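Working notes for the structure below.
Protein chains get the first letters and strands the later ones, always in sequence-line order, with residue 1 at the start of each. Please read all numbers here as calculations on a predicted model, not as lab measurements.
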Amino acid sequence: MTTNDETNIPTDKLANPNALSDRYNPTDVEERTYQWWEKSGYFKAQDKSTKPPFSIILPPPNVTGFLHLGHALDHTIQDLLIRWKRMSGFNAMWLPGTDHAGIATQTVVEKELKKQDITRHQLGREKFVEKVWDWKHQYGDRIYKQMRGLGDSCDWDRATFTLDDGVSKAVRKTFVSLYKKNTIYKGQKLVNWSGPLESAISDLEVEHQQTKSFMYHINYPVDGTDQLLTIATTRPETLLGDTAVCVHPDDVRYQNLIGKTVTVPLINRKIKIIADTYVDQAFGSGVVKITPAHDFNDYKIGKTHKLEFINILTKKCELNENAGTYQGLKIPEARKRILEDLKKLGLFVKEEPHMNSIGYCSRTNAVVEPMLSDQWFMKMDQLAIPAKRVVESGTIRFEPESWSKVYLHWMNIIEDWCISRQLWWGHRIPAWYCADCEKHTVAEIDPTACEHCGSSKISQEDDVLDTWFSSALWPFSTMGWPNESEHSIETQKTFYPTSYLVTGHDIIFFWVARMVLLSLEFKKDVPFRTVYIHGLVRDSKGIKMSKSLGNSIDPFDMINKYGADALRFSFLAHLFSGKDFKFSEQRLEGYRNFMNKVWNGSRFALSNLQDFKAPPEGTKALPEKVHTSVFDQWIIAKLYDVEKQVNNALEKEKFSDAATMLYQFIWNQFCDWYIEFTKPILTGSDANEKKATQLVMAQMLNRIVRLLHPFCPFITEEIYSKLPIKNEACIIDQYPTIENDKSFLALGNKQAEHEIDVVKEVITAIRNIRGENRISPAIKLSVRLGIDQDNVQKILSGNKTALMTLGRLEKCDIGLDGDLMKCAVSTIVVSGDKVKIIIPLEGLVDFNEEIKRIQKTIEKLEKDVSVLNAKLSNEKFVANADEDVIANDRILMAQSKDQIISMQESLTRFQ
RNA sequence: CGUCCUUUAGCGCAGUUGGUAGCGCAUUCCCAUGACAUGGGAGGGGUCAUAGGUUCGAGUCCUAUAAGGACGACCA
């Protein structure tokens, strides 16, 4: 037999399009299915529609990056919601996009240029930006290709890039508007500065880490005396920028010195001794050197005491001309040299090990320097007021709720946002500086003259905006705002505010909060109703994935190995409200196995439906025409619960509950029992019985793939295409609910549920005796079922075939107990219905095993009885507990005692 | 230092009005039975972090403690 190399499917099976291979092969299905969906336009949403809207804007990934497992998780959740809502009759719109990621992208391109020994400055701004665009065009499609691989059902026609014209217009409009309200201003302030980037960065881009360093004690000579003042510092090199030393006003040690001056060693500058309550008398020597241009606290002191600000650093964070002989040195070298020189002068006192937290640039990992510079800022205090209110009032809901506290806390301590970056890749700030009157013209459309003096000697601001500025406008800039075309207006009317924002907790401040701030300002409405926060993906030990640790996993390796559906399902089945997700390949394998189970269950069902013709009424059921078996009625009753609970769980964002329910229903009910129960019917001779079972089987399959589709779209669409009962496509078929599936679900039956429960318990009891006694499945057993209730007699007689087949029996007598000598006996009780399972063991087994089994059962029952006895003999329990709780316990007690007696009796029969 | 989260079977986690602890994987035993060994069947395994408290009754409510984590503030 020859095989097809790629799929391992025997070629004779490929010849028949309806035959499924015995293993699900994702690579064979995924790409083809995705292309078909896309070509058929199933992902498209309508700007105008009678359907209720449901919209999600994708958090735009870095345009030149790769998708990692975190994205895969993020997208899976969104696609689940979109597909579920689309199938539930919503006008579901998922808008994809990519981000220009200013610093990240610029850095990558600069690195590339460095390989050719070119710097961006050598190229010049225009040429460099061109290069970045080239880069973007080369890699910009990669992200979207990867998203298709995940199965993301986005409306691709709406895909937006943060530097698109429309978005740029939105950026300019918001900038100008905020500038006119004085919410955006330019000013000289102390900002976080990254040397390698030669740019300011925002507070959020600084990562603080505890770092081992030293506390240096240095003497400053007090002028006019021979006294020495000892200051303590972790940063001796900044003494070059000192413009004061400070003590606490109440410090008795230094009272007489306040107002005098000291001389800064090495540069011999005379600076004042000032007093401020900011100083902690108990810390260090109680004397602080003040460097207002290079420390945030010193900056404040410098402002209140009107000190001089001396900048000692260049843009690259090397010492500048104010550092005298130290000019040109990097900070660590300067520190070393200065300490050596202080030692030579005899002014160095001592050094002590000291832990302190140092800010590192989140992009380059360089130490961040506080630096005095001219930057653009957005004032936050006023914007924050409504942004707080919408979360407090519940207009925006965080899931899990605890994140709203984190959000509100940040809003309460919010500082002005430094929005300018000294980069070239991004939205260039729409401000023009006039060389004549030195004022700014800020305008949406490039001006030709200064609006203040009319001079034409104007030049545009070199800086670009922080990437997150355009991201903050994303919920409405992607919908066409501020364009007033009919299309744009309709889009916004239909889809704004969006329904969900799905993202990780790492960007709540960077992005979520800022979208709320600016959406309220410009759209006068919240950007989204619910913020679903998921955890970050970590490795199986809980360690953050990173390339340098070598523990990062490429989602597409996983997809190639296990299929996109398995990856998606493993995310969804283990997603627990906002907790970090510990990724395990072993678990993924488990869900790959589940996909295979779904595949094979369907394969079996379809092979038994070859002579089945779909009814003209489709998925509707006409009860009077169908003579269902008890098995059918039972599985349909179970389906009712599943449809109800899965929709409920999705509604409440309990995705893992929904996934788990489907997993267990399909594997442990449908495959393990329903298929096994119905095998005798499908291979039997009763044509009417068979026809009814085929119909129910076909209807069940149809429901199963529809219910499962949002979780694992590829395999379900593939199976759907082979179903006898179906519509155009699974992706646009209806999501089953107890309302829209009423007529079929009406075939379910509670009594049948009970009957099958009894039958299942009896079969399990037989299997238990067989298993514990290690009786080979090859041996067919003789069983007597002892019964003293007519209705139970009826149930078991009616299901004798099932008992015989699944119990692997050669003989099954239903009726009286009969002779119990050397028999295994097991009693089961299902809501009052009692069955005694009796199996003669003579000649089959070593009785010791059976005695052990019985003793084990007795022990367990006795434990139950003692627990129940303790409760029921407690007067206070009987007096206080609910009646039905007591009644239930009493019944349990009686049953357990009864069973113990029966077990003890059977024990004697082996002696 | 502050805020928040977590602590339940070997591992990963459920457990929403307090009423004899569940799921998946792993593990043990048996199995080639016409959908599936990526499978079937039967088992074993937990004093629910600790200490108090409320209650007839606490994994669940309250208080304190411990450990781990996230975020934020300060650090001369």
Side-chain angles (χ1 to χ4, degrees), chain A residues 20 22-24 208 210 215-216 231-235 238 245-246 278-280 283-291 295 297-298 354-358 400 402-403 405-406 409-410 413 505-506 508-509 535-536 540-542 562 566 573-574 576 578-584 586-587 589-608 652 654 656-657 660 663-664 671-672 675-676 679 683 763-764 767-778 806 808 853 856 863-864 866-868 870-871 874-882 884-886 888-889 892:
Chain A
L20 303 180
D22 66 353
R23 294 225 172 151
Y24 171 58
H208 291 271
Q210 285 294 320
M215 180 71 78
Y216 304 96
I231 60 94
T233 179
T234 52
R235 304 205 50 191
T238 61
V245 294
C246 188
Y278 152 71
V279 178
D280 177 357
F283 193 93
S285 59
V287 188
V288 186
K289 66 192 240 353
I290 304 295
T291 322
D295 182 281
N297 290 303
D298 294 6
H354 180 74
M355 285 298 284
N356 68 339
S357 108
I358 293 179
S402 56
W403 289 109
K405 280 183 195 155
V406 177
H409 178 252
W410 187 71
I413 57 161
H505 54 69
D506 50 338
I508 291 179
F509 305 141
L536 310 177
S540 58
K541 290 172 200 133
Y562 301 101
H574 280 266
F576 300 109
K579 274 187 192 166
D580 283 351
F581 185 94
K582 288 183 186 145
F583 185 86
S584 130
Q586 200 180 34
R587 203 153 54 211
E589 207 181 305
Y591 291 106
R592 187 269 319 261
N593 295 352
F594 175 58
M595 294 308 143
N596 197 238
K597 190 74 183 176
V598 171
W599 184 255
N600 273 297
S602 309
R603 194 160 72 96
F604 170 80
L606 289 172
S607 71
N608 282 289
K652 289 183 187 147
K654 302 238 173 202
S656 62
D657 285 2
T660 308
Y663 180 100
Q664 289 180 350
C671 291
D672 286 353
I675 284 183
E676 296 303 329
K679 272 179 185 170
T683 55
I763 291 167
T764 302
R767 286 169 170 174
N768 174 289
I769 292 167
R770 186 193 287 274
E772 297 285 279
N773 285 295
R774 300 206 188 88
I775 302 170
S776 160
L806 302 191
R808 302 191 64 74
R853 188 187 72 84
K856 202 176 74 188
K863 214 175 115 194
D864 288 355
S866 78
V867 170
L868 288 165
K871 272 172 89 176
N874 181 341
E875 282 172 30
K876 287 180 176 171
F877 171 72
V878 181
N880 292 313
D882 282 352
D884 43 336
V885 173
I886 299 169
N888 208 14
D889 284 356
L892 265 176

Proximity to the side chain of [X] - top-ranked nucleotide from [options]:
X        : options             : answer
A:Tyr591 : B:C36, B:C29, B:G24 : B:G24
A:Leu868 : B:A14, B:U20, B:G39 : B:U20
A:Cys671 : B:C71, B:A42, B:A35 : B:A35
A:Ile413 : B:A35, B:U33, B:G72 : B:G72
A:Arg603 : B:G72, B:G41, B:A35 : B:A35
A:Ala881 : B:G43, B:C56, B:G39 : B:C56
A:Arg808 : B:A42, B:A35, B:U33 : B:U33
A:Ser402 : B:G15, B:C4, B:A35  : B:C4
A:Ile675 : B:A42, B:U38, B:A35 : B:A35
A:Tyr663 : B:G24, B:C56, B:U20 : B:G24

Only pairs with both distances under 3.5 Å count, Watson-Crick or wobble alike; so what is the partner of [N] in this structure?
N     : result
B:C71 : B:G2
B:U16 : none
B:U38 : none
B:A21 : none
B:A32 : none
B:U63 : B:A51
B:U27 : B:G43

Which whole number of Å gives the distance between the [atom1] atom of [N] and that of [M]?
N     : M     : atom1 : answer
B:G43 : B:C36 : C1'   : 23 Å
B:A58 : B:C48 : C1'   : 11 Å
B:C1  : B:G44 : C1'   : 48 Å
B:G24 : B:U8  : C1'   : 15 Å
B:G69 : B:C61 : P     : 25 Å
B:C5  : B:G45 : P     : 35 Å
B:U33 : B:A49 : P     : 48 Å
B:A26 : B:G41 : P     : 15 Å

Item to check | Any N/O donor-acceptor pair, A:Lys405 side-chain to B:C4 base, under 3.5 Å | outcome: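 Flag unset: no donor-acceptor pair detected.
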
Pick base, sugar-phosphate or nothing for [X], based on heavy-atom distances below 4.0 Å to the nucleic acid.
X        : answer
A:Met215 : sugar-phosphate
A:Arg774 : sugar-phosphate
A:Gly590 : nothing
A:Glu589 : nothing
A:Asp864 : base
A:Thr234 : sugar-phosphate
A:Asn880 : base
A:Lys856 : sugar-phosphate
A:Phe594 : nothing

Looking at [X], does any N or O in its side chain come under 4.0 Å of the phosphate oxygens OP1/OP2 on [N]?
X        : N     : result
A:Arg592 : B:U38 : no
A:Asn608 : B:A35 : no
A:Lys871 : B:C56 : no

Taking [X] for its side chain and [Y] for its backbone only, find out whether a donor-acceptor pair lies under 3.5 Å.
X        : Y        : result
A:Asp882 : A:Val885 : no
A:Asn874 : A:Lys876 : yes
A:Arg808 : A:Pro777 : yes
A:Asp22  : A:Asn600 : no
A:Asn596 : A:Arg592 : no
A:Arg587 : A:Lys582 : yes

Checklist entry - Tell me: CD of A:Glu772 to P of B:U28, nearest whole Å? => result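 Rounded to the whole Å, the gap is 17 Å.
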
Checklist entry - What integer distance in Å separates A:His574:NE2 from B:A26:P? => result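 My rounded result for the distance is 12 Å.
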
Next on the checklist: Can you confirm if the aromatic rings of A:Tyr663 and A:Tyr591 lie within a centre distance of less than 6.0 Å?
Outcome noted: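 For A:Tyr591 and A:Tyr663, the ring centres are under 6.0 Å apart.
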
Next on the checklist: Could you check whether A:Thr291 and A:Lys289, counting side-chain N and O atoms only, form a donor-acceptor pair closer than 3.5 Å?
Outcome noted: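 Side-chain D/A pair, A:Lys289 to A:Thr291: present.
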
